[in-house]
Amino acid sequence: MSLVTPPPNRPNALIMVTGGILTALVAIVFARLAYGVILPPMREDLGLSYRQAGNLGTVTALGYLLFVLVGGVAASRWGARNAVALGLFILTIGFAGLTVASDYRWILALMGLLGLGTAFCFAPMVSLLATWYPERRGLVIGCMGAGVGAGLFATGLLVPWLSQAFGEHGWRGAWGVFAVTSAITVALVLIAVRDPEPISANDPQRPAPADKWRIYRHPRVITMATVYGVIGMVYIIQSIFMVSYVVEAGHGDKVAGWLMAMSGLLSVASGPLWGSLSDIWGRGNALTLATAVVSLAMGLPLLDQSLPVFFAHFLLMGCAVNGVFTMIQAASTDQVAPRFIPIAFSYVTVFFATGQFLGPAIAGALIEFSGGFHLAVGFTCASLLGALLLTLRIRRFPRDLAVA
C-alpha cells in the first residue's frame with residue numbers, strides 16, 4: 001500500500017483518531033510524563049532518594065529503548081492493531097501493580113513494564129494512522145500530540161487533588177485511574193481499530209533491506225535523530241524533576257501541579273501551530289526558533305527560583321517543546337521517500353528513546369552529587385545549546401530527498 005495514496009475502505013477517521021489520542025494519553029502521559037507529577041508525594045511516602053527516583057525513570061526508558069524496534073517487528077508480523085492492544089494491556093498491568101506496590105524492587109520491575117508497553121503501542125499507532133490517512137498525516141499525528149498536552153493538563157490537576165483528598169496515599173489513586181483508562185483504551189482498540197491490508201512480499205512499495213542502511217547512515221537523518229535524542233533527554237528530565245524543583249523552592253505541590261497543567265494545556269495547540277509555521281517558513285527555520293525558546297526556558301531557573309521565573313519556564317516550555325517534537329518528526333520524514341517514512345521514524349525514535357533512557361539517571365546523579373537542581377539544569381542547557389547548533393545545520397539542508 002502506498003503511503004501517499006489513500007487506501008480503500010478506510011475506517012471512520014474520528015474513531016481511529018480517538019484511539020490514537022487515547023493511546024498517546026496512556027503511553028506517553030500516564031506511562032512516562034506523569035511520573036514527574038506523581039514523584040514528590042510518591043518519593044515522600046516511600047522514602048526514596050533522588051537517585052532511586054531517577055533510576056525508576058531510567059528503567060522505564062530502558063524498557064522503551066530495548067523494545068522499541070521489537071515493537072515495530074511485532075506490528076509488522078502480528079498487525080499494528082494487535083501490537084497496540086498488547087502494549088496497552090502491559091501498561092494496564094503496570095499501572096495496576098503500582099497502585100499497591102511498596103517494595104522498591106517490585107516498583108522497579110513495574111516501571112520497566114511501563115517502558116515495554118509503550119514500545120509496543122505508541123510507534124505502531126503512529127504508523128497505523130499515517131498509513132490509513134497519508135494525505136492528512138500531519139493532522140492525525142498532531143491530534144495525538146494534542147492528546148499528550150491535554151493529558152498533561154488533566155494530570156497536573158488530578159494528582160494534587162488526589163493527594164489532598166486521600167492524603168499521603170493519593171498518588172496510588174492516580175496509578176489506579178491510569179489503569180482504568182488504559183483498560184478502556186485496550187477495549188476501544190480491539191473493537192474499533194483496524195489494520196490495512198498487508199504489503200505482499202513482491203510489492204514494489206516494500207522497502208528493500210539495503211535501503212534501510214542508506215537511511216541509517218545518512219548524515220542528514222543522523223543529525224535530526226541526534227537533535228531528537230537531546231530533546232527527548234531534556235524533556236524527560238524536565239518532566240520528572242522540574243515539579244520537584246518547584247516544590248523544593250518552597251512553592252508547594254498544588255502550585256507545581258497548576259504550572260504543569262498550564263504547560264500541558266498550552267502544548268495542546270503548540271504542535272499544530274509550529275507545524276503550520278514550519279510549512280510556511282521552512283522546517284529548519286521554525287525548528288531553530290522553537291529549540292531556542294526551549295533553551296531559554298530551561299535556563300531561566302538557573303537565574304532565579306521565584307514563582308514568576310518558574311511560571312515563565314512552564315509557559316515557554318508549553319509553547320515550544322511540543323512544536324520541537326512535531327517538527328523533528330516531520331523533518332525526519334521529509335528527508336526520505338514516502339515508502340521509507342516508517343523506517344526513518346523508527347530510527348530517529350531509537351535516538352529519542354536513548355536520550356530518555358540516559359536523562360533521568362544522569363539528572364538524578366547530578367542532583368544527589370550537588371545537593372540541588374542547578375547542576376542538572378545546567379547540564380540540560382549545555383545539551384540544548386549543542387542541539388541548537390545542529391538545527392542551524394538542518395536549516396541548510398538541500399531540498400532534494402536524502403534517500404529517494
Side-chain angles (χ1 to χ4, degrees), residues 138 141-142 145 214-239 266-267 270-303 312-313 315-337 340-341 343-356 358-359 362-363 376-404:
I141 295 177
R214 289 169 57 201
I215 296 171
Y216 296 163
R217 293 194 300 259
H218 202 284
R220 284 194 236 167
V221 178
I222 293 174
T223 298
M224 288 180 294
T226 302
V227 175
Y228 200 28
V230 171
I231 292 297
M233 179 184 67
V234 170
Y235 189 40
I236 198 66
I237 291 174
Q238 191 266 352
S239 299
L266 288 171
S267 68
S270 67
L273 289 176
W274 281 104
S276 299
L277 177 62
S278 70
D279 290 336
I280 299 170
W281 193 27
R283 208 80 75 193
N285 293 328
L287 177 60
T288 299
L289 177 59
T291 306
V293 174
V294 173
S295 302
L296 173 62
M298 288 303 300
L300 286 176
L302 292 177
L303 304 177
H313 164 83
L315 176 70
L316 292 175
M317 288 294 291
C319 289
V321 73
N322 208 28
V324 175
F325 290 144
T326 299
M327 287 182 286
I328 282 290
Q329 292 165 1
S332 66
T333 60
D334 288 341
Q335 297 300 314
V336 298
F340 298 136
I341 286 175
I343 299 175
F345 183 77
S346 298
Y347 183 58
V348 300
T349 300
V350 171
F351 282 69
F352 177 80
T354 302
Q356 294 216 318
L358 296 174
I362 294 174
V377 175
F379 167 74
T380 64
C381 292
S383 302
L384 281 169
L385 289 178
L388 186 59
L389 293 176
L390 291 178
T391 63
L392 296 176
R393 182 179 177 183
I394 293 174
R395 291 181 62 208
R396 298 191 295 270
F397 281 174
R399 292 182 177 271
D400 61 301
L401 293 174
V403 181

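Scope of the values below: all heavy atoms of this structure, side chains included, with no hydrogens, waters or symmetry mates.
Of the residues listed (Asn285, Val227, Thr223), the one engaging Thr391 in a side chain to side chain contact (heavy atoms under 4.5 Å, CB included) is Val227, and it is the only one. The one candidate from Val230, Val234, Leu287 that meets the side chain to side chain contact (heavy atoms under 4.5 Å, CB included) condition with Val324 is Leu287.
Of all heavy-atom pairs between Pro219 and Arg393, the closest is CB-NH2, 4.1 Å. Here the shortest heavy-atom pairing between Ala225 and Val348 reads CB-CG1, 3.8 Å. Heavy atoms only, all atoms of each residue included: Cys381 and Leu302 are closest at SG-CD1, 3.9 Å. The two residues Asn322 and Ser270 make their nearest non-hydrogen contact at CB-OG, 3.2 Å. Here the shortest heavy-atom pairing between Leu316 and Ala297 reads CB-CB, 3.6 Å. Residue Val294 comes nearest to Ala320 through the heavy atom pair CG2-CB, 3.8 Å, listed as atom of the first residue, atom of the second, then distance.
The line from CD1 of Ile362 to CD1 of Ile236 is 13.0 Å long, rounded to the nearest 0.5 Å. For the atom pair Thr226 OG1 and Ile328 CD1, the distance stands at 9.5 Å (nearest 0.5 Å). To the nearest 0.5 angstrom, Met327 atom CE is 13.5 Å from Met224 atom CE. Tyr347 contributes atom OH, which lies 10.0 Å from atom CD1 of Ile215 (distance to the nearest 0.5 angstrom). Atoms OG1 and CG, on Thr291 and Leu389 in that order, are 11.0 Å from each other to the nearest 0.5 Å. To the nearest 0.5 Å, atoms CG (Leu384) and CE (Met298) are separated by 7.0 Å.
Between Tyr228 and Phe351, the gap from one ring centroid to the other reaches at least 6.0 Å.
Side-chain contact between Val293 and Cys319: absent, with no pair of heavy atoms (C-beta onward) separated by less than 4.5 Å.
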